[in-house]
Amino acid sequence: MDIFSDTKLIVADKIGELIKEGTLPKGVEDCPFSVERPKNNEHGEISTNAALIVAGKAKTNPRQIASALVEKLGNEDNIGKLSIAGPGFINFVLTPDTWQEILRVILKKQDDYGRSDIGRGSRVNLEFVSANPTGPLHVGHARGAVYGDALGSLLEYSGYEVTREYYVNDGGAQVDTLARSVYLRYLEAHGNKITFGPDSYKGDYLVTIGLKLLEEYGDKYVDQPEQAWLAVFREFAIKEMMILIKEDLHFINVTMDQYVHEKSIVETARIDEAIKHLTEMGLIYKGVLEPPKAKRSEDWEAREQLLLKSTEYGDDVDRPIQKSDGSWTYFAPDIAYHYDKVSRGYDELINVFGSDHGGYVKRLTAVVDALSNGNMSFVIKLIQQVNVISQDEVLKMSKRAGNFVLLRDAVMAVGSDVTRFVMLMRKNDVPLDFNFEKVQEQSKDNPVFYVQYAHARVCSLLNRAHERGLDVSDPALEDFTREHLLEPEHIYLIRKLAEWPRIVEQATMHREPHRIIFYLMEVASVFHGFWSMGKEKESLRILQEEDTEKTLAGLALVRSTGIIVAQGLRIMGVKPLTEM
RNA sequence: GGCCUCGUAGCUCAGCAGGAUAGAGCGACCGCCUCCUAAGCGGUAGGCCACAGGUUCGAAUCCUGUCGAGGCCGCCA
């Protein structure tokens, strides 16, 4: 079903035969050779470096091995032409039948063409967003949200069992700050004049919360000391913030499977458990850390603390887990949370963090390695920042000023589909420009519309054919006759479609959804080119007045393109458009 | 000072589980609508893949170092 891995199997088979015959030495059967689409069209449709790799191990001449392999491969029905080129590449041209068969497979398997079992049902915990419950999500969060969600779908499509998880930081000092901020808004709602402290969350979104609190409690807490209202206001505010955040996620079509609260981790004594576990491993000790090398460190004081020996697992320094007053540092609940994740029996943990959290990668990796005896696959994907551009200017955003562009503003302006697509157009670890005006353009300058337009054209053709009374159902299209779709332009498009399973596999292995987006743009490009070719070359037009058989064959190709584009978009969480 | 990520065409970026002559879009220039959506297509120009070493038959891709950009380095989370 994947033409590349099929071909690879055949080549591996031939290598095996050559070993049996004594032409090749034993031990070369597991050589990691590749079968790929060559960049250069003159190098055939498919090529392999098998002879080069095998020669490297067998210490013989690659071209000799190549010709031995070519001799064997000559008997294969699917192969039309073989040649040896360069240092020993073997280039294949397959028979048109072979390519046509791929279309039949696509039409038969539909959305499952490209689905695979490489995950083998592995259970993956995918933690993403996990924004502090202190306000609405901004565009930076949106990128992490979209990346995580698309990655989740991609993994599911590749046979993993994914849990999308949000970790709610509702146990730290910042939610107390939140509570104090809403208290101010509460007082304001009551008619008092308020002044913010330097740490206060000043965003307007808390005004409503203040009003709600007034409605709920009246003036009960107006003149009360902090200890009277702090806990109450905190719980209230967190609840409201999570409603807000869930709305935001809903705006951008992200649904979490579960929310894990820091508070529940603390309350269920997971911290003690985790620390006890680490203590038994001899990784907890009392000690004094070196002063930090950062610039502002005048007020640093050497004190004895409880430390985790994370250096044993590759961290740069050991990390404090308890303050000198005996309370936990922020790191302790994180340890407990990951202890919890490890103990839930996943096969793999993936964390999606903003790149500003890059400093935690080593220590968390150390924690997971320690807690799982190195048996847990643990990956942290860092998401670079989003530059919002409007009127050709980068909007300056600062946490202090609280002028982040909100996720909901972006989605309101350009829609969820466009936002998602644009957010996925870059690799996770490079900065991304989000140009408000550009993403709304309806032209080829805008990749979203470019891809959608390709899909719309597919639908348009099928509709027209249907209007002419043709049966354009997939089973009918599958029966196209082999006399058609033989021109180079046809084959070229089919070859592009045939890459789909491999693209999915690579995107999955690298945990990089953007590869799907780039592939979709390529498919769209090849399809648009094919379409335009029909204007110059009558035989390439899909709808042929006189020739129903030929039309159906063309529609099979078009429909297959549509299936793949639509499925690619769906995995990215973008709705394919049927007309524009 | 240390750690992480990045450095590819004028601009924005792909490619990096090593492979053949390094790709795309934008911008520039030249073409294509009697004909399935020109919301599109074709073509031309444009590169010491930051730099220097190393590994290899072969390096944009792997390793080391240098330079440059950003991020992180608090008993904040």
Side-chain angles (χ1 to χ4, degrees), chain A residues 32-34 36 38-40 42-43 47-49 52-53 55-56 61-62 85-89 91 132 134 169 171-175 177 199 262 289 291-297 299-301 303 305 315-317 320-331 333-334 354-362 380 382 384-385 425-433 435 438 441-447 449-450 452-454 456-457 460-461 463-465 506 509-510 514-515 517-519 521-522 524-525 527-536 538 541-544 551 554 558 579-580:
Chain A
F33 66 91
S34 63
E36 286 166 350
K39 287 173 199 150
N40 191 328
E42 287 161 27
H43 295 149
S47 85
T48 179
N49 62 356
L52 290 162
I53 302 293
N61 184 335
F89 290 99
N91 297 330
N132 287 339
T134 55
N169 282 283
Q174 81 280 5
V175 285
T177 305
D199 296 333
E262 177 183 356
L289 284 175
K293 290 275 171 34
K295 280 171 191 167
R296 308 167 278 132
S297 58
D299 54 348
W300 189 86
E301 246 179 278
R303 285 209 182 134
Q305 302 169 250
D315 200 0
D316 303 312
V317 288
I321 54 177
Q322 206 170 51
K323 303 178 196 172
S324 53
D325 67 2
S327 63
W328 298 116
T329 64
Y330 69 90
F331 190 39
D334 280 348
S355 60
D356 55 338
H357 287 65
Y360 311 131
V361 171
K362 283 197 177 184
I380 297 176
L382 297 178
Q384 268 285 0
Q385 74 179 79
M425 270 176 42
R426 293 284 172 263
K427 199 157 63 173
N428 56 288
D429 57 12
V430 300
L432 170 126
D433 288 346
N435 188 320
K438 210 167 196 173
E441 258 174 50
Q442 307 210 345
S443 74
K444 66 175 177 182
D445 297 358
N446 181 350
F449 281 85
Y450 187 76
Q452 292 281 24
Y453 185 37
R457 275 182 155 172
S460 161
L461 279 176
N463 284 337
R464 282 187 169 258
Q506 286 175 346
M509 298 312 286
H510 289 267
H514 78 277
R515 289 169 185 252
I517 297 287
F518 277 90
Y519 170 74
M521 294 196 284
E522 282 171 26
S525 171
F527 181 70
H528 286 310
F530 174 76
W531 174 286
S532 298
M533 214 67 84
K535 296 190 186 306
E536 289 161 30
E538 175 67 25
R541 294 172 64 80
I542 299 300
L543 303 180
Q544 301 275 341
T551 301
V558 166
E579 61 182 69
M580 301 178 66

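B:C11 shows a glycosidic angle more than 90° from 0 and is accordingly assigned anti.
Residue contacts shown for A:Gly534 include a base, since a base heavy atom lies under 4.0 Å away. Contact annotation for A:Ala456: base contact, defined as any heavy-atom pair under 4.0 Å involving a base atom. Among the atoms of the strands shown, base atoms are found under 4.0 Å from some heavy atom of A:Ser460. Contact annotation for A:Val361: no contact, since no heavy-atom pair falls under 4.0 Å across all strands.
For B:G15, the OP1/OP2 oxygens have a side-chain nitrogen or oxygen of A:His514 closer than 4.0 Å. Residue A:Lys427 places at least one side-chain N or O closer than 4.0 Å to OP1 or OP2 of B:G15. In terms of phosphate contacts, A:Tyr450 brings a side-chain nitrogen or oxygen within less than 4.0 Å of OP1 or OP2 of B:C41. For the pair A:Lys323 and B:A77, the criterion of a side-chain N or O lying under 4.0 Å from OP1 or OP2 is met. At least one side-chain nitrogen or oxygen of A:Arg515 sits closer than 4.0 Å to the OP1 or OP2 atom of B:C16. For A:Lys535, a side-chain nitrogen or oxygen approaches OP1 or OP2 of B:A38 to under 4.0 Å. The side chain of A:Trp531 places an N or O atom within less than 4.0 Å of a non-bridging phosphate oxygen (OP1 or OP2) of B:A38.
Taken to the nearest 0.5 Å, the OG1 atom of A:Thr329 stands 8.5 Å off from the CG atom of A:Asp334.
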Contacts under 3.5 Å, N or O only, protein and nucleotides 43-46 of chain B:
none

Would you list the protein and nucleotides 18-21 of chain B atom pairs, both N or O, that sit under 3.5 Å from each other?
| from | atom 1 | to | atom 2 | distance (Å) |
| --- | --- | --- | --- | --- |
| B:G19 | N7 | A:Asn49 | ND2 | 3.0 |
| B:A20 | OP2 | A:Lys39 | NZ | 3.3 |
| B:A20 | N6 | A:Ser47 | OG | 3.0 |
| B:A20 | N6 | A:Asn91 | OD1 | 2.8 |
| B:A20 | N1 | A:Asn91 | OD1 | 3.2 |
| B:A20 | N1 | A:Asn91 | ND2 | 3.2 |
| B:U21 | N3 | A:Asn40 | ND2 | 3.2 |
| B:U21 | O4 | A:Asn40 | ND2 | 3.3 |
| B:U21 | O4 | A:Glu42 | OE1 | 3.2 |

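Listed nucleotides B:C36, B:A38, B:C4 differ in distance to A:Arg457; the shortest reach to its side chain belongs to B:A38. Closest contact between the side chain of A:Gln506 and the listed nucleotides B:G40, B:A17, B:U12 involves B:A17.
Using atom C1' as the reference point in both B:A22 and B:C48, the two lie 13 Å apart (nearest Å). Taking atom C1' on both B:U5 and B:A20, the two are 31 Å apart, rounded to the nearest angstrom.
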Checklist entry - Starting at the 5' end of RNA chain B, what dot-bracket string do you get if Watson-Crick and G-U pairs under 3.5 Å are bracketed, crossing pairs use [ ], other-strand pairs use | and unpaired bases use dots? => result (((((((..((((.....[...)))).(((((.......))))).....(((((..]....))))))))))))....

